[in-house]
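Written out below as structure tokens is the structure these notes cover.
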Amino acid sequence: MEIKSRFDHCNINITDIERSVEFYRKALGLEVVKQKKAEDGSFILTYLSAPGQPEFRLELTWLRDHPEPYELGENESHLCYRVEGDYDEVRHFHKEMGVVCFENEAMGLYFIHDPDDYWIEILPAK
């Protein structure tokens with residue numbers, strides 16, 4: 001059997017919707033494209049994507065009954081974004097934001113972290 005599929009979204013759980021949406025807007029240019037709220041207020045799903053790139057969505061899940069920070073442990077999974085334009089200028093902007101958490105100049109990459117401490121690898125577009 002041959003299975004044909006496409007990537008739809010990646011989910012992370014967050015503790016503050018507004019703070020996370022603002023972070024992803026400012027740091028990566030992502031915009032809210034869809035939101036689903038549970039009728040009983042128990043969860044909110046917020047989907048973000050880059051303008052003109054609806055094929056990939058980041059799902060932010062807020063759970064009412066989980067107000068404390070998430071324990072990420074030794075999980076080394078991460079998101080990765082390629083950025084357009086002057087890579088050094090983008091890195092400088094992220095440093096000014098205070099969100100750069102790891103740099104490997106020899107490999108030409110760095111990581112930023114979001115308000116819930118998820119790591120995001122930043123690479124140049126090319």
**Asked** If you measure only the distance, is there a donor-acceptor pair under 3.5 Å linking the side chains of Glu59 and Thr61?
**Response** yes
**Request:** Give, for atom CD1 of Ile120 and atom CG of Leu79, the distance between the pair rounded to the nearest 0.5 Å.
**Result:** 5.5 Å
Report all side-chain donor-acceptor pairs from residues 91-105 shorter than 3.5 Å, counting only partners two or more places apart or in another chain.
| unit_1 | atom_1 | unit_2 | atom_2 | d |
| --- | --- | --- | --- | --- |
| Arg91 | NH1 | Glu103 | OE1 | 3.3 |
| His92 | NE2 | Glu96 | OE2 | 2.9 |
| His94 | ND1 | Tyr110 | OH | 2.7 |
| His94 | NE2 | Ala27 | O | 2.8 |
| Lys95 | NZ | Glu103 | OE1 | 3.4 |
| Lys95 | NZ | Glu103 | OE2 | 3.4 |
| Asn104 | OD1 | Ala106 | N | 3.2 |
| Asn104 | OD1 | Met107 | N | 3.0 |

**Request:** Check step by step if side chain to side chain contact (heavy atoms under 4.5 Å, CB included) holds for Leu123 and Val83.
**Result:** CA-CA 6 Å; Leu123 295 173; Val83 296; over 6 Å; no
For residues 45-54, please give each side-chain donor-acceptor pair under 3.5 Å, one per line with the distance, not counting sequence neighbours.
| unit_1 | atom_1 | unit_2 | atom_2 | d |
| --- | --- | --- | --- | --- |
| Thr46 | OG1 | Gln35 | NE2 | 2.7 |

**Asked** Just how far is it from atom CD1 of Ile122 to atom CG of Leu109, taken to the nearest 0.5 Å?
**Response** 10.0 Å
**Request:** May I ask you to decide if Glu68's main-chain N or O and His66's side chain share a donor-acceptor pair within less than 3.5 Å?
**Result:** yes
**Prompt:** Which distance, rounded to the nearest 0.5 Å, do you find between the OH of Tyr118 and the CD1 of Ile14?
**Reply:** 9.0 Å
**Request:** Would you please test Trp62 and Leu60 for side chain to side chain contact (heavy atoms under 4.5 Å, CB included) and show each step?
**Result:** CA-CA 7 Å; Trp62 173 84; Leu60 305 178; over 6 Å; no
**Request:** Check whether any side-chain N or O of Asp116 sits under 3.5 Å from a backbone N or O of Thr15 as a donor-acceptor pair, and report yes or no.
**Result:** yes
**Message:** Can you confirm if the aromatic rings of Phe111 and His78 lie within a centre distance of less than 6.0 Å?
**Reply:** yes
**Heavy-atom closest contact (Arg19 atom, Pro115 atom, distance)** = NE-CB, 3.1 Å
**Message:** Can you tell me how far apart CG (Asp114) and CD1 (Ile12) are? Round to the nearest 0.5 Å.
**Reply:** 5.0 Å
**Message:** I'd like to know if the side chain of Arg64 and the backbone of Phe43 have a donor-acceptor N/O pair within less than 3.5 Å.
**Reply:** no
**Request:** Quick one: pull up CG in Asp65 and OG in Ser42 and give me the separation to the nearest 0.5 Å.
**Result:** 7.0 Å
**Message:** With heavy-atom distances below 4.5 Å as the criterion, would you say the side chains of Phe23 and Ile112 are in contact?
**Reply:** yes
**Message:** Evaluate Arg25 against Glu22 for salt bridge (charged side-chain N to carboxylate O under 4.0 Å, His left out), listing each step before the verdict.
**Reply:** CA-CA 5 Å; Arg25 184 201 60 74; Glu22 176 59 17; 2.5 Å; yes
